[in-house]
Amino acid sequence: AQSVTQLGSHVSVSEGALVLLRCNYSSSVPPYLFWYVQYPNQGLQLLLKYTSAATLVKGINGFEAEFKKSETSFHLTKPSAHMSDAAEYFCAVSGGAGGFKTIFGAGTRLFVKA
Amino acid sequence: DAGVTQSPTHLIKTRGQQVTLRCSPKSGHDTVSWYQQALGQGPQFIFQYYEEEERQRGNFPDRFSGHQFPNYSSELNVNALLLGDSALYLCASSLGSGGPQSETQYFGPGTRLLVL
């Protein structure tokens, strides 16, 4: 069965510092991988997705993620954090044995300190 | 271009009651998925509708049912509400006729349900 593990329920960084949010997946076949962001009292917004093209995926707002099959990882990074990046981030997987459903991780809340 | 809309935004019900939540997909989208997001957790897949039929279902009891209309809008019905059904219910739309597993899902703002 497919699964997603996000390491760290909370991550705190200073403004201007590197953001690194970790995600590991489990899938029997090459999956489709996604990162979503959720601001308070809002729905989810897609940051980026991996669909078996380039392993380094660039998304919106300066975020990017690298698909590493050998490590079954899809970590999200941003070189310089901004106060507006404070939100909840979800890694998700779909495809393969999971069929049409998307499986989300538990989420990582990002705090940005001034 | 309107995105995904959901109604109502908030709802309070008591145990044992029934509730209906509504979703209008993004223009041009034909697939609707429903998710339950409990407080502090990631969204959990309830089911997906495509061409007015339930295409796939997650691990939710039969108390959860849905419908998709010819205009692709959708309803989620929950019967015999339990306290544990309190959550944010998210609707997502996408194009299902192509490669649905990789298609981008666009989420609505959600309906927050409180069961007392």
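Proteins get letters first, then strands, A, B, ... in listed order; numbering begins at 1 in each.
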> Supply the atom-to-atom distance B:Q37 CD to A:F104 CZ, rounded to the nearest 0.5 angstrom.
8.5 Å
> Does CZ belonging to B:R57 count more than 12 external heavy atoms closer than 6.0 Å?
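Enclosed.
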> If every non-hydrogen atom of A:L44 is compared with every non-hydrogen atom of B:P43, which pair is closest and at what distance?
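That would be CD2-CG, 4.0 Å.
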> Please flag which part of B:I46 lies under 4.5 Å from any non-hydrogen atom of chain A: side chain, backbone, both or neither.
neither
> Measure distances from B:Y106 to the heavy atoms of chain A and classify the residue's part below 4.5 Å as side chain, backbone, both or neither.
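Nothing of B:Y106, per the 4.5 Å heavy-atom cut-off to chain A.
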> Chain B heavy atoms under 4.5 Å from A:Q38: which part of the residue, side chain, backbone, both or neither?
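Only the side chain of A:Q38 comes within 4.5 Å of chain B.
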> Is it the case that more than 12 heavy atoms not belonging to B:N71 sit under 6.0 Å from its CG atom?
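Yes, the 6.0 Å shell around CG holds more than 12 heavy atoms from other groups.
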> Please say whether more than 12 non-hydrogen atoms of neighbouring residues, nucleotides or ligands are located less than 6.0 Å from CG in B:L83.
yes
> Hey, what do you get for CD (B:Q56) to CZ (A:F100), rounding to the nearest 0.5 Å?
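B:Q56 atom CD to A:F100 atom CZ measures 7.0 Å (nearest 0.5 Å).
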> For the atom pair OG1 (A:T102) and CZ (B:F45), what is the distance rounded to the nearest 0.5 Å?
7.5 Å
> Using 0.5 Å steps for rounding, measure from the OG1 atom of B:T104 to the OH atom of A:Y32.
12.0 Å
> Considering residues, nucleotides and ligands other than B:R63, do more than 12 of their heavy atoms fall under 6.0 Å from its CZ?
yes
> Are more than 12 heavy atoms from other residues, nucleotides or ligands located less than 6.0 Å from atom OH of B:Y72?
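It does not: B:Y72 OH has 12 such atoms or fewer within range.
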> Examine A:V37 and A:V13 and state if one hydrophobic cluster contains both, with Ile, Leu, Val, Met, Phe, Trp and Tyr joined whenever side-chain heavy atoms are less than 4.5 Å apart.
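Yes.
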